[in-house]
Amino acid sequence: MKLKIILFLTFLISFFSTAHTVEKPWATEVIHNETSLVFKFYKERSYVTRLVMYKDRETERNDFQNYFDCTKIIDEYRYCALKSVLPFSRLWGSQYSRVCARDVSSPRVDCKSFKIMDMSYVEPINVNFDRLPPTSGGDVVITGSFLRFVGGPNTLDNSIDHYNPFVVKGDFSDPSFNCNNITVTIRPGSGQFWVYLMDGPIGEVLISYEPPKISSFIPDSSKQIITIDGDNFFTDNSLVQVYFDNIQQQNINITISHKQIQVKNFNRTDPGPMSTGITVNGVSIKKNYIHCFPAIITSVSSVSNEIGGIVTIKGSKLSSTSNSSLIPTITIGNKQCKFIKSTTTELECKLDPNVSAGKNLSVDVNFNGCNSISSGSTPVTFTYNIPTLSNGSYSNGIITLIGENLGNNKESFVQLYAKGIDIKIDKFNISSDEKSLTFKLPILRCKSFNINFTRNEISINTISISASLSINVINKPSVSNGTLFIELYYIDCQINSSLTPTFAVINSLTNQCSIPSLQTTSNYYQTTCSIPYGTGLNRQFTLKYNSELVNNKFSYAQPIINDIINKDNKTLSCGSIITVSGNNLLTNDEEFKVKVLANNEDTTIIKQDENILIVKYDNNDSPLNVSVFIGNDLISNVTLTYLEPIITVVPNIKNNKDGISIIIGGISLLNIINSSLTLSSNDNNNTTIPLKCNIQCSISPNDTFYYNNATLSSNEIDITNYTDRLSCHSNSIINETSGVLNLQFTSTSFHFGVKIDEIEFSSSSSSSSSSSSSSPSSSPTSSPSSSPSSSLSSSLSSSLSSSSSLSSGSKSCKFSSGTIAGITIGCVAVVGALVAII
């Protein structure tokens, strides 16, 4: 509405001001882009108020309502900005389009006197052609802004023919027509030319016809004609220049307008690439076309078919007559053949010694990137050293293949395949004459398989081979676990459930094994066999399955030493018991036999099973340096000390006509220094009677000494329940009924109040007393079948005096009143030692 009011006021001013003449406006500058148009005037001079667009010389556009906003004045200049209802894409008009102008001093507006082109030149901007026109002509799309501001609109002047403009397609009167995107039909032509986007020789843009391009190059040596196919060659021979390797050709002819040129009287005898360039009316091809004149091969022969032979190639263009230094690159089967010499019709080259053999190999003679061709429709190829296989065999894990031309490791490989098997073998040995090949057969579960040999990508005949049964023992049984797990290789993969392997150790019975089963973890078959209990390494055995017999060896598990488990590193002075724990301790093979040394001396085994070894050391050296060996290897080393003496049983002293005697029970009683019996008289004078003592150790060989675990298991016995026997006697005749027994050991002493039996004179008593006094003087041993405690208890039948109490240093023993036979003393000589009551 605002725009209509302004246009109406402009009309009224123009109507009432006809008597005044308006000065011709002249813009000092045009400022424009895709969305705006501004004219710059001196502020004191005339300026524009509106555009009056004409379709042609006479017809005014009535759809383009507009005005100029000229209110902006900066310094000496007035800026008039175009305001329009329609977008700039509809800004078009002929060269007869005008402007409405007014003076600063008068309100009169003149819309008839001034053309737009009289006031200023509005240059098209952002002009772009979607393509260059072909020489045969065609439509070109031009985009930009202000393309038809004062031009055409349906014609486009050009420099080719000023009287024959190009046609601009489209209806400019269509409200949807975009004046910034026009399609122009270009007539056929060549070279560069101008187009004028504004009527008259202004608004020019320089373009050219599309450059020539080559699509194919066809030489005919028999006619000495080169035919070049392509486009944009135009129609005028005089405007076209053709260059071969930068040499202009004189005999050219456009045989098909725009599309084909023939060059006559040209013959190329040399092989290699040739560069072709074409210029049409000053417009040159963008990139020269490279055509290869190939060497032509008619046949290939060889002086020697062995590796390193000389190959002879026959044909044409096999050498350059104009450039003797042009040496071709020759390949046979993608391997180089070293150039020796050549003429235009024959070439010789030599294969390198490391080049592999091949069948129907391609042959190429290449000059500067131009590959050769064969003269006929079938490519010429070359074949030499074809490998063959005649037979194969298996022995002791090795496959041997016999054949011819087997090549070498770098160019050959072997493939094994069968049901579920596909293995590539790339490590093998080939004889120097290339007639035999050997390799180690990998482990397979199936007996029969196929072998395929490939050399230089040539696969030859396949042969089938069967391997012999092979086995592998995958465990070491312990002495008491007679089960052996065996993997089976190279067997018939169709398992017959009625056939089971048999197993026999040398000099032993034959046992049946389980039916072979496929193991998911190893992908091989496995069987389980029962074997005799035993020990040792490399035990020979035989396994028979499906009529095949295999010899092999197995070993029992080797000993493992865990520890010497004497509690607190203590042992008994009387017996020196040493206990070793571990696994597989029954192994008797010399290389892995368990040995225990004490102070570098042998010990005596008193008990041995899979997990416990108990030995005894007969000397009483202290401390004991104990070493455990498996074979000759030292496994464990520890120092043991002796337990302090512990008295567990003190009976009555026996008295007869031969003297007195007593058998004392205890633990670790070996190192006694002195013993005596002290008697008290009525006059308070004490009498001391020396005693002579002998020790009888009473450790059972079937008992376990001091396991570490606090709670004893059913098969373990606390050694403190056992008693050494200390037999003491004197020939003195006494009449006292009580006294004090004194025992002095290396590290401690004991004093016990004891009762003395009345003297016996009967013959039985004499015999008994004599037996008691003489028995300890021998070297007694404990019977494994009787308990030392019970044996000692039966020997001790005396009564102790009531309420007797004796002391020695810091150690003392106090006995309760009463008379009992074989009483056990709860007095401990070593702090921390446990003594059980029996």
**Item:** Phe750 vs Ile646 side-chain heavy atoms within contact, under 4.5 Å
**Value:** no
**Request:** Would you tell me whether Thr527 and Ser514 have side-chain atoms, one donor and one acceptor, within less than 3.5 Å of each other?
**Result:** yes
**Message:** For Ile421 versus Cys446, what's the shortest heavy-atom pair and its separation?
**Reply:** CD1-CB, 4.3 Å
**Request:** Give a yes or no answer on whether the side chain of Asn655 reaches the backbone of Ile660 with a donor-acceptor pair at less than 3.5 Å.
**Result:** no
**Asked** Hey, does the side chain of Tyr394 reach the backbone of Gly397 with a donor-acceptor pair shorter than 3.5 angstrom?
**Response** yes
**Request:** Tell me whether the guanidinium CZ or amine NZ of Lys424 lies under 6.0 angstrom from the six-membered ring centre of Phe413 and within 45° of its axis.
**Result:** yes
**Asked** Is a side-chain donor-acceptor pair under 3.5 Å present for Asn511 with Ser530?
**Response** no
**Message:** Is it true that Ser727 and Asn694 share a donor-acceptor pair across their side chains at a distance under 3.5 Å?
**Reply:** no
**Message:** Using a 6.0 Å cut-off, check whether atom CG of Asn538 has over 12 heavy atoms from anything other than its own residue.
**Reply:** yes
**Request:** Could you please spell out the steps behind the side-chain contact (heavy atoms from CB on, under 4.5 Å) verdict for Asp602 and Tyr617?
**Result:** CA-CA 8 Å; Asp602 291 335; Tyr617 179 57; over 6 Å; no
**Prompt:** Is any side-chain heavy atom of Ile423 closer than 4.5 Å to a side-chain heavy atom of Val414?
**Reply:** no
**Request:** Please report the shortest heavy-atom distance between Gly631 and Lys595, naming the atom on each side.
**Result:** O-CE, 3.3 Å
**Request:** Kindly indicate whether the side chain of Leu691, heavy atoms from C-beta on, has any atom under 4.5 Å from the side chain of His729.
**Result:** no
**Prompt:** Are the side chain of Glu610 and the backbone of Asn584 linked by a donor-acceptor contact shorter than 3.5 Å?
**Reply:** yes
**Asked** Do Arg445 and Glu487 meet the salt-bridge criterion of a basic N to acidic O distance under 4.0 Å?
**Response** no
**Prompt:** Where do Phe485 and Gln526 land on the side-chain contact (heavy atoms from CB on, under 4.5 Å) test, with the steps shown first?
**Reply:** CA-CA 7 Å; Phe485 299 100; Gln526 180 178 303; 3.6 Å; yes
**Request:** Indicate whether the side chain of Ser581 and that of Asn611 have a donor and an acceptor atom separated by less than 3.5 Å.
**Result:** no
**Complete:** Result for side-chain contact (heavy atoms from CB on, under 4.5 Å) between Val628 and one of Leu613, Leu634, Val615, Ile564 points to Ile564
**Asked** Shortest non-hydrogen contact from Ser732 to Ile689?
**Response** OG-CG2, 3.5 Å
**Asked** For Asn396, does the CG atom have more than 12 heavy-atom neighbours from other residues, nucleotides or ligands under 6.0 Å away?
**Response** no
**Request:** Would you please say whether a donor-acceptor pair under 3.5 Å links the side chains of Tyr524 and Gln519?
**Result:** no
**Request:** Can you measure from CG (Asp658) to OG (Ser730) and round to the nearest 0.5 angstrom?
**Result:** 11.5 Å
**Request:** Please check if the side chain of Thr510 supplies one atom and the backbone of Ala504 the other of a donor-acceptor pair under 3.5 Å.
**Result:** no
**Fill in**
d(Leu469 CG, Tyr489 OH) to nearest 0.5 Å is 11.0 Å
**With Asn625, the side-chain hydrogen bond (donor to acceptor under 3.5 Å, both in side chains) member among Asn600, Thr639, Asn637** = Thr639
**Request:** For the residue pair Phe554 and Phe503, categorise the inter-ring angle as parallel (less than 30°), tilted (30 to 60°) or perpendicular (more than 60°).
**Result:** tilted
**Message:** Determine whether a donor-acceptor pair (N or O, by modelled atom type, separation under 3.5 Å) exists between the side chain of Thr648 and the backbone of Gly665.
**Reply:** yes
**Request:** For side-chain contact (heavy atoms from CB on, under 4.5 Å), just list the numbers for Ile486 and Cys529, CA-CA rounded to whole Å, side-chain angles, deciding distance to a tenth of an Å, and then say yes or no.
**Result:** CA-CA 8 Å; Ile486 302 175; Cys529 304; 4.0 Å; yes
**Message:** Under a 3.5 Å distance rule, please check whether Asn475 uses its side chain to pair with a backbone N or O of Thr483 as donor and acceptor.
**Reply:** yes
**Asked** How long is the span from the CG atom in Leu585 to the CD1 atom in Ile561, to the nearest 0.5 Å?
**Response** 5.0 Å
**Prompt:** Does the side chain of Arg539 reach to within under 4.5 Å of the side chain of Tyr556, using non-hydrogen atoms?
**Reply:** yes
**Complete:** Only residue of Ile673, Leu669, Asn674 satisfying side-chain contact (heavy atoms from CB on, under 4.5 Å) with Phe745 is Leu669
**Prompt:** Of all heavy-atom pairs between Leu743 and Phe752, which one has the smallest distance, and what is that distance?
**Reply:** CD1-CE1, 4.3 Å
**Request:** Drop me the distance from Leu741's CG to Ile662's CD1, to the nearest 0.5 angstrom.
**Result:** 5.0 Å
**Request:** List the steps and the verdict of side-chain contact (heavy atoms from CB on, under 4.5 Å) for Thr528 and Leu484.
**Result:** CA-CA 6 Å; Thr528 303; Leu484 205 61; over 6 Å; no
**Least distance between heavy atoms, Val740 atom then His751 atom** = CG1-CB, 4.2 Å
**Fill in**
To the nearest 0.5 Å, atom CG of Leu416 lies from atom CG of Leu444 at 6.5 Å
**Prompt:** Can you tell if the side chain of Pro501 reaches within under 4.5 Å of the side chain of Pro516, non-hydrogen atoms only?
**Reply:** yes
**Request:** Answer whether the closest heavy-atom distance between the side chains of Leu677 and Thr688 falls below 4.5 Å.
**Result:** no
**Request:** Compute whether any side-chain donor of one residue and acceptor of the other, for Gln540 and Asn551, lie under 3.5 angstrom apart.
**Result:** no
**Asked** Is a side-chain donor-acceptor pair under 3.5 Å present for Asp492 with Asn546?
**Response** yes
**Asked** Between atom CD1 of Ile664 and atom CG of Leu726, what is the distance when rounded to the nearest 0.5 Å?
**Response** 5.0 Å
**Asked** Does any non-hydrogen side-chain atom of Ile612 lie less than 4.5 Å from one of Thr579?
**Response** yes
**Donor on one side chain, acceptor on other, Thr500 and Gln512, under 3.5 Å** = yes
**Message:** When you measure from the side chain of Asn496 to the backbone of Ser498, do you find a donor-acceptor pair of N or O atoms at a distance under 3.5 Å?
**Reply:** yes
**Request:** Kindly give the heavy-atom pair with the smallest separation between Gly392 and Leu401, and that separation in Å.
**Result:** CA-CD2, 4.1 Å
**Prompt:** Hey, does Thr438 have a side-chain heavy atom less than 4.5 Å from the side chain of Ile430?
**Reply:** no
**Request:** Spell out, as yes or no, whether a donor-acceptor pair under 3.5 Å connects the side chain of Ser636 to the backbone of Asp563.
**Result:** no
